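Since we're looking at a predicted model, the values are computed, not measured. The chain is numbered in sequence order, starting from 1. Values below: every heavy atom of this structure, side chains too, minus hydrogens, waters and symmetry copies. Every number for a ligand or one of its atoms is a count from 1 in the order of the listing.
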Amino acid sequence: MNLILLGPPGAGKGTQAKFICKKYDIPHISTGEMFRKNIAEKTYLGMLVKEYTDKGNLVPDHITIKIVDERIRETDCKKGFLLDGFPRTITQAEALDTLLKKYNLVINRVLFIAVSNEVVIERNVGRRVCSSCGASFHIRFNPSRLLNKCDYCLGELTQREDDTISALNNRLAVYKLQTKPLIAYYRSNKLLSKIDGACSAEIVFQNIETALGHY
Ligand code: AMP
């Protein structure tokens, strides 16, 4: 089963991606994670994309499409995959259609997790991520047991560069302008399931399971 997770920053895509990939046994392909990993490892790609991700701007389409093309050809994707944070522009969606055709694949469902702007801001600005293992916390909704220390590995909790209020406002503007049109794109393809993302993570996942039905 090949899936796309769509939604604004802070919709809970990362959390749901983990639940989905575990239950359906498919790899999680997060372009944001791939970029962050490359930045942390100071690779050529990482250095290339850092100026975009830090400000909350989109990485140019040709770079993003190339890394997705390479990733979906890896053997673990034979059993299916979940794309999280890709596509984010109509150009990327069209490029994905071309790739899928080339590899004889289809997207089975696009899960659009909908949340209001207020929820997005509250979730993102309070998010803290372990600089060691990547575990995610929230200062209000899911605080770590020790202040600024990860529950799992005691690593330092930090705020993502792009979770600051100025970067976040930019990410929201970018989302509205460039990513929101994908809702109509996938609705017209009859692939879209809209999921209310304001409920608890468990309820959101139950609604996703219902939307995926027999898979
Ligand atoms: P995310 O973790 O999905 O919020 O992504 C973090 C950042 O990575 C975004 O703000 C963009 O700068 C970059 N990024 C992730 N996915 C894409 C994409 N599909 N197209 C362009 N830039 C992306």
Side-chain angles (χ1 to χ4, degrees), residues 2-18 20-21 27-43 45-72 81-100 107 110-115 117 119-131 133-138 158-183 185-186 197:
N2 303 321
L3 301 173
I4 293 175
L5 258 186
L6 194 62
K13 297 192 296 294
T15 304
Q16 295 305 321
K18 287 197 179 73
I20 295 167
C21 292
H28 175 201
I29 303 179
S30 158
T31 40
E33 282 298 330
M34 288 159 89
F35 291 140
R36 277 189 290 281
K37 187 167 182 284
N38 275 276
I39 292 168
E41 290 170 359
K42 296 194 166 49
T43 65
L45 173 68
M47 288 187 291
L48 208 63
V49 302
K50 188 170 170 20
E51 62 167 309
Y52 300 99
T53 59
D54 277 359
K55 295 196 189 96
N57 289 324
L58 291 187
V59 170
D61 284 336
H62 68 278
I63 300 177
T64 313
I65 291 162
K66 184 164 179 278
I67 64 162
V68 171
D69 182 8
E70 286 167 4
R71 182 66 186 89
I72 62 174
F81 51 78
L82 172 76
L83 291 172
D84 165 10
F86 181 92
R88 249 175 161 103
T89 63
I90 293 285
T91 306
Q92 290 180 11
E94 288 170 351
L96 177 64
D97 286 344
T98 307
L99 290 178
L100 294 170
I107 292 295
V110 178
L111 300 160
F112 164 48
I113 307 186
V115 285
N117 259 6
V119 172
V120 163
I121 290 172
E122 193 170 28
R123 284 187 183 171
N124 282 268
V125 173
R127 174 161 57 181
R128 296 294 178 272
V129 180
C130 175
S131 49
C133 73
S136 191
F137 297 87
H138 191 281
T158 55
Q159 189 179 38
R160 265 171 53 171
E161 294 267 6
D162 60 354
D163 275 344
T164 57
I165 194 78
S166 67
L168 182 60
N169 279 331
N170 190 39
R171 281 162 77 203
L172 282 173
V174 167
Y175 172 77
K176 204 168 159 196
L177 194 72
Q178 306 213 61
T179 308
K180 252 188 153 175
L182 292 178
I183 297 168
Y185 184 88
Y186 286 117

| field | CA sep, side-chain torsions, deciding dist, call: I72, I29, side chain to side chain contact (heavy atoms under 4.5 Å, CB included) | value | CA-CA 8 Å; I72 62 174; I29 303 179; 3.9 Å; yes

| message | Just verifying a value: how many Å separate R171 CZ and T164 OG1, rounded to the nearest 0.5 Å? | response | 9.0 Å

| query | Does Q92 reach the main-chain N or O of F86 with its side chain, forming a donor-acceptor pair under 3.5 Å? | reply | no

| query | Has the side chain of H28 got a donor or acceptor atom that lies under 3.5 Å from a matching backbone atom of G14? | reply | no

| message | Strictly by salt bridge (charged side-chain N to carboxylate O under 4.0 Å, His left out), give each pair with a member in residues 84-96 just once, sequence neighbours left out. | response | none

| Exactly which residues line ligand 1, taking a heavy atom under 4.0 Å from it as the test? | T31, G32, F35, R36, T53, N57, L58, V59, T64, G85, F86, R88, Q92, R160, D162, R171

| said: Taking K37 first and then E33, would you say they form a salt bridge - that is, a charged N and a carboxylate O separated by under 4.0 Å? | reply: no

